[in-house]
Amino acid sequence: MVKEVDKYASIFNNKVRQELNYHCEQLGLSESNYFYLKFLAETPGISQNYFIDSLHREQSVVTRQINRLVQDGWIDKKISATDHRRSELYLTEKGQGVLKKLDAITALVDEHALAGLTSTEAETFAHLLKKAALSYSVEKYTDL
């Protein structure tokens with residue numbers, strides 16, 4: 001069994017987040033909310049509830065970030081035309097306008113994060129990281 005996954009995942013995550021924060025702060029965003037814009041670009045009109053579920057984060061945290069992004073003019077929150085209980089999320093022009101810069105930032109951070117790996121190792125790592133992240137379920141938590 002592989003040991004210390006939690007330790008090295010934490011170290012890797014912290015390094016990636018620090019670099020993302022450095023670049024995103026120059027745009028008025030942060031490493032904790034830049035990917036909301038990228039996600040919404042792929043899923044315009046997604047319901048706020050489904051968006052929250054898709055991010056695998058605490059509802060209150062995501063709701064605060066959504067409200068902040070709305071307040072700062074990055075996204076719009078609209079009531080659904082078919083279900084008035086449902087809020088839909090869209091990028092504003094400002095949000096659309098920053099997407100290419102965000103793509104460049106994430107490409108640079110990915111390049112730096114994987115610089116110590118061969119191209120084959122980087123592909124394998126990215127594939128396994130995605131597989132592990134998507135298969136990790138909170139239902140599997142057990143007490144010690």
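Fair warning: this is a prediction, and the values are worked out from it, not measured in the lab.
At least one side-chain heavy atom of Arg57 sits under 4.5 Å from a side-chain heavy atom of Ser32. Contact annotation: the side chain of Arg86 never approaches that of Ile79 to less than 4.5 Å [non-hydrogen atoms, C-beta and beyond]. Between Val62 and Phe51 there is a side-chain heavy-atom pair separated by less than 4.5 Å.
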Problem - Residues Glu31, Arg17; criterion salt bridge (charged side-chain N to carboxylate O under 4.0 Å, His left out); working and verdict - result: CA-CA 6 Å; Glu31 56 76 24; Arg17 290 177 70 168; 2.7 Å; yes

Exercise for the section: Kindly determine whether Glu123 and Phe125 satisfy side chain to side chain contact (heavy atoms under 4.5 Å, CB included), including the steps that lead there. Expected result: CA-CA 5 Å; Glu123 289 291 326; Phe125 177 74; over 6 Å; no

Handout entry: Stepwise side chain to side chain contact (heavy atoms under 4.5 Å, CB included) test for Leu40 and Trp74
Key = CA-CA 11 Å; Leu40 288 175; Trp74 296 104; over 6 Å; no

Exercise for the section: Go through Asp76 and Leu89 one step at a time and tell me if the side chain to side chain contact (heavy atoms under 4.5 Å, CB included) criterion holds. Expected result: CA-CA 6 Å; Asp76 279 331; Leu89 304 173; over 6 Å; no

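Put simply, the side chain of Ser30 never gets that close to the backbone of Asn21: no donor and acceptor are under 3.5 Å apart. Put simply, the side chain of Thr43 never gets that close to the backbone of Ile46: no donor and acceptor are under 3.5 Å apart.
Using a 3.5 Å distance cut-off with no hydrogens or angles, the side chains of Ser80 and Thr82 do pair a donor with an acceptor.
A distance of 6.0 Å separates CG in Leu102 from SG in Cys24, rounded to the nearest 0.5 Å. Separation of atoms OG1 (Thr106) and NZ (Lys101) is listed at 11.5 Å; rounding is to 0.5 Å.
The aromatic ring centres of Tyr34 and Phe39 sit 6.0 Å or more apart.
Within 6.0 Å of atom NZ in Lys77, more than 12 heavy atoms from other residues, nucleotides or ligands are found, so the atom counts as buried in its surroundings. The environment of Glu121 atom CD is dense: over 12 non-hydrogen atoms of other residues, nucleotides or ligands sit within 6.0 angstrom. In Glu93, the CD atom is not crowded: 12 or fewer heavy atoms of neighbouring residues, nucleotides or ligands sit closer than 6.0 Å.
Applying the salt bridge (charged side-chain N to carboxylate O under 4.0 Å, His left out) rule to pairs touching residues 32-54 yields Lys38-Asp103, sequence neighbours excluded.
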